[in-house]
Protein chains: 2
Amino acid sequence: MHDHSVHVQCGDCPIRHRAVCARCETDELARLEQVKYYRSFQAGQTIIWSGDRMEFVGSVVSGIATLTQTMEDGRRQMVGLLLPSDFVGRPGRSTAAFDVTATTDLVMCCFRKKPFEELMSTTPHIAQRLLEMTLDELDAAREWMLLLGRKTAREKIASLISIIARRDAALHLRRASGKLSVDLPLTREEMADYLGLTLETVSRQISALKKDGVISLEGNRHVSIPDLDRLLEEAGDDSDGGMLV
Amino acid sequence: MHDHSVHVQCGDCPIRHRAVCARCETDELARLEQVKYYRSFQAGQTIIWSGDRMEFVGSVVSGIATLTQTMEDGRRQMVGLLLPSDFVGRPGRSTAAFDVTATTDLVMCCFRKKPFEELMSTTPHIAQRLLEMTLDELDAAREWMLLLGRKTAREKIASLISIIARRDAALHLRRASGKLSVDLPLTREEMADYLGLTLETVSRQISALKKDGVISLEGNRHVSIPDLDRLLEEAGDDSDGGMLV
DNA sequence: CCCGTCTCTTGATCTGGGTCAAGGATGACC
DNA sequence: GGTCATCCTTGACCCAGATCAAGAGACGGG
């Protein structure tokens, strides 16, 4: 017999806590537990190729993965950035529509798709939670579309930094810890793929923001933000209120 | 007592057929029927402003609506194009994230949000169908991101025409009717907002595609496509197979 | 039929970001 | 500490698409 409270805590598997377990019942958990497994990937390794048959869904436990789309001539656009606790996979679809790649070493908590779908069809909470998560992703994708279609290179960079800062803050529940700083988990090239720019332009605009005192760098990947409002203004977002800190 | 078969047909209300009724039961339909109502909008009228409280969900019965986002300085990006049978609204959210505007005269079939959500929580099929629709939208948004971030103006125009042709074909179940032709339901400016371009560039690229024989125009809004494969090639999509015709 | 309003086209010019090219840092490994 | 590979920066130049501007259709209303 499973101990309910242990399962609600979910150990090192965020999906069960965040996506599935909120108001779970013991036997559902037991069934989930039976089909759950972990997979590790090395930095740079492709997890799923676009068009592949997908036989699992899951969530990121640690590390970072990206969702990208590539044209025949090599032009590449990132269409999703997966941080720990983010969900991957589409119940009801048999093939992947995009490449999923680990950009750092990565651990995922996976569920075989069939049993997961069966569970979903018998447990309304799961479908509802997934719907909520998918709607969040859709909103994020639409903000991203504004960025890609209408923002300048400088605004794109400022937006990316504030997006990462926000997700970071949400993830670590870090509160008003004085100075705000973020580690960029992406190379310049990955940022370029995220933003629809070239890596040279990314580099130039980061240098420009640094020169203008909007951000400062310690090493290539660590950014401090002396004035968050200033950064948000540079990002061209309409007032974002107290999302951060 | 409701006649089940009538409700499965759904009369003039596509949501009930497409989103809700697939495997419905009589009493669910009766409950839905009680909270269902129609609203008409004139061309150009704003249906919902971003940030507004949203007290209904629904689907487009006839006409066309757009989802747009606008920056303070007026730069504008379309982030959704709603054709008949498309769903609007986010169960679980209280405020709208984007402006919804009728670009033609429009009829929507609406459901008050509260009862719809209650129905959703008691009827697994509804949440599952909505999840499926939302995943479709997310896929479309991600294709759109590739277009916005990486395609040239010419590719963007060719993509837009093929997207509209595809949706049109799906909608009207039109089969190999000889020559392929589409009505563009958008002004040049709306196309520009869709594609992240200016209206002048849209006009120029349409002229160029016409000059090169990829499309031909009858009037400003009606496009014929002599060679679909040629158009898809211009759009830069990797092989789309027999999605059309 | 004329008038005003929208929508669309086309031309001339400008510029943000792409492209090409050359190094400079950084860090892992021997 | 040296070597190699990866990542990043900066400069010079160019071009696709934006901007500014003028005018041509299309169309509904009086």
First-last contacting nucleotides on DNA chain C - partner chain B, under 4.0 angstrom, heavy atom: dC8(C) to dA12(C)

How would you list all residue pairs meeting ring-ring contact (aromatic ring centres under 6.0 Å, His included) that involve residues 52-84 of chain B, not counting sequence neighbours? none

Does a side-chain N or O of T198(B) approach OP1 or OP2 of dA18(D) to a distance below 4.0 Å, or not? yes

Applying ring-ring contact (aromatic ring centres under 6.0 Å, His included), which residue pairs with at least one partner in residues 59-78 of chain A are found, sequence neighbours left out? none

Nucleic acid contacts - residues 151-160 of chain A versus DNA chain C, non-hydrogen atoms under 4.0 Å: T152(A), A153(A)

Listed partners of T70(A) passing side-chain contact (heavy atoms from CB on, under 4.5 Å), at least two apart: R76(A), D99(A)

Crowded around E200(A) CD? As in, over 12 foreign heavy atoms under 6.0 Å? yes

Can you tell if the side chain of R93(B) reaches within under 4.5 Å of the side chain of D139(A), non-hydrogen atoms only? yes

Describe the nucleic acid contact of G44(A) in one word from base, sugar-phosphate, nothing, applying a heavy-atom distance below 4.0 Å. nothing

Suppose we screen for side-chain contact (heavy atoms from CB on, under 4.5 Å). Which residues come up paired with T66(A), at least two apart in sequence or across chains? T68(A), M78(A), L81(A), T101(A), T103(A)

With five pairs defining each end axis, the helix from dC1(C)-dG30(D) to dC30(C)-dG1(D) comes out bent, to 10°, by 40°

Polar atoms only, N or O, under 3.5 Å: list the protein pairs with nucleotides 5-10 of chain D and their distances.
from, atom 1, to, atom 2, distance (Å)
dC8(D), OP1, R221(A), NE, 3.1
dC8(D), OP2, R188(A), N, 2.8
dC8(D), O3', N220(A), OD1, 3.3
dT9(D), OP1, R188(A), NH2, 3.4
dT9(D), OP2, R188(A), NE, 2.7
dT9(D), OP2, S203(A), OG, 2.8
dT9(D), O5', S203(A), OG, 3.2
dT10(D), OP2, S207(A), OG, 2.8

Under the salt bridge (Lys or Arg N to Asp or Glu O under 4.0 Å) rule, what pairs show up with a residue in residues 212-224 of chain A, not counting sequence neighbours? R154(A)-D212(A)

So L160(B) and L147(B), do their side chains get closer than 4.5 Å, heavy atoms only? no

Keeping the roles fixed (side chain from S203(A), backbone from L199(A)), state whether a donor-acceptor pair exists under 3.5 Å. no

Heavy-atom pair of closest approach, residues K156(A) and L195(A): NZ-O, 2.9 Å

Show the atom names and distances, to 0.1 Å, of all donor-acceptor pairs under 3.5 Å that link a side chain in residues 40-53 of chain B to residues at least two apart or in another chain.
from, atom 1, to, atom 2, distance (Å)
Q45(B), OE1, Q42(B), N, 2.8
S50(B), OG, A97(B), O, 3.2
D52(B), OD2, W49(B), N, 3.4

Salt bridge (Lys or Arg N to Asp or Glu O under 4.0 Å) contacts touching residues 140-150 of chain A (sequence neighbours left out): R142(A)-E137(B), R150(A)-D193(B)

ring-ring contact (aromatic ring centres under 6.0 Å, His included) partners of residues 180-231 of chain B, not counting sequence neighbours, each pair once: W144(B)-Y194(B)

